[in-house]
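Remarks on the structure that follows.
Note that the structure is predicted; figures quoted are calculated from it, not measured.
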Amino acid sequence: MKKKVISSLGFILLFFIMIIIVWLLLKPFVLPSDELAESEVKQIVEERYGGVIQETENKGKEFIVSFDRAGQMYQLHINRASGEIEEMSRTGEEKQRLTEQEVKELVQTASLGEIDSVNLKEKSGEEVFVAQVVKDGEAREITLHAVTGKVLSNELANEQPPKNTILTEEEAIEIALQAVQGEVDDVDLENEEDHVFYLIEIETGDEKEAIVEVNAITGESTVTWD
């Protein structure tokens, strides 16, 4: 009786060991749930770019997809975990510079923002595209490699400092009358060596005349009497 029990227990134990071995053997081939499958990658390429997929390679952390679009071969490097397109290029004997339209498509499909402009520039001896975009209400400047389309930088756009605004004649008169009470006789806007100012002549009640100089930028005033 004891032999039968031991034999049964041994069989059950052996059965569980075999299940564990099979699970360990199959585990490396199971794709993590948060990573894209090849079929999903193909769907992304077909939906975003159209064309005919020629080849899909699984390179560990990325898929490399080659596809034909309107007679031109392209190659995409797609992040396996996020689905982001990390690089796009035209294939051939010599890689050619992307067109402005291709860069716009790359920016749009990567959801980098709403495009305002795209310009080809040279930085550090290398051709790049600089895209001005708006994302989440912020102006951003995105630099992409002109051949591969790889995003080299994605930064907030440099905001231009506000230009100095010149006071209106009415504002200058108001400032002058705060300095000297009376009746305005004449107003002139002068510009001397980048110094912009108003000269405002004011006649006072005691028949005196004051000339008030009002800085047209800062609003500072000085008074001289005639």
Got more than 12 heavy atoms from elsewhere within 6.0 Å of CD, Glu84? no

Nearest heavy-atom contact between Ile200 and Ala172 is CD1-O, 3.4 Å

Side chain to side chain contact (heavy atoms under 4.5 Å, CB included) between Leu167 and Ile175: does it pass, once the steps are laid out? CA-CA 10 Å; Leu167 296 174; Ile175 292 171; 3.8 Å; yes

So for atom CD, which belongs to Glu183, do other residues, nucleotides or ligands contribute more than 12 heavy atoms lying within a distance under 6.0 Å? no

Look at the side chain of Arg140 and the backbone N and O of Asn154, then say whether any donor-acceptor pair between them is shorter than 3.5 Å. yes

In Å and rounded to the nearest 0.5 Å, what is the CG to CD distance from Asp186 to Glu203? 10.5 Å

Are there more than 12 heavy atoms of other residues, nucleotides or ligands under 6.0 Å from atom CD of Glu57? yes

Look at Glu46 together with Lys42 and state whether they make a salt bridge at an N to O cut-off of under 4.0 Å. no

Within a strict 4.5 Å, meaning less than it, do heavy atoms of the Thr109 and Ser111 side chains meet? no

Heavy-atom count check: over 12 atoms from other residues, nucleotides or ligands less than 6.0 Å from Glu114 CD? no

Could you tell me if the side chain of Val184 sits less than 4.5 Å from the side chain of Leu177, heavy atoms only? yes

Ser221 versus Val212, closest heavy-atom pair with distance: CB-CG1, 4.0 Å

Which value, rounded to the nearest 0.5 Å, describes the distance between Glu190 atom CD and Phe197 atom CZ? 5.0 Å

Is there a path of hydrophobic side-chain contacts, each under 4.5 Å between heavy atoms of I/L/V/M/F/W/Y residues, joining Val223 to Leu199? no

Under a plain distance cut-off of 3.5 Å, with no hydrogens placed, do His195 and Glu213 share a side-chain donor-acceptor pair? yes

Residues Gly149 and Leu106: closest non-hydrogen pair is O-CD2, 3.1 Å

Below 4.5 Å, heavy atoms only, C-beta onward: do Val130 and Val118 meet side chain to side chain? no

Is the shortest heavy-atom distance from the side chain of Glu138 to the side chain of Leu156 under 4.5 Å? yes

Closest contact, heavy atoms only, Ala37 versus Phe63: C-CZ, 4.2 Å

Run the numbers on Glu126 and His145 for side-chain hydrogen bond (donor to acceptor under 3.5 Å, both in side chains), then give the verdict. CA-CA 8 Å; Glu126 188 174 49; His145 194 281; 3.1 Å; yes

Non-hydrogen side-chain atoms of Tyr74 and Glu102 separated by less than 4.5 Å: yes

Carboxylate-amine/guanidinium proximity below 4.0 Å for Glu127 and Arg97: yes

Taking the side chain as everything from C-beta on, heavy atoms only, tell me whether Ile78 gets closer than 4.5 Å to Val45. yes

Heavy-atom check, side chain of Val52 versus side chain of Gln54, under 4.5 Å: yes

Is Thr143 close to Lys123 at the side-chain level, that is, under 4.5 Å between some pair of heavy atoms? yes

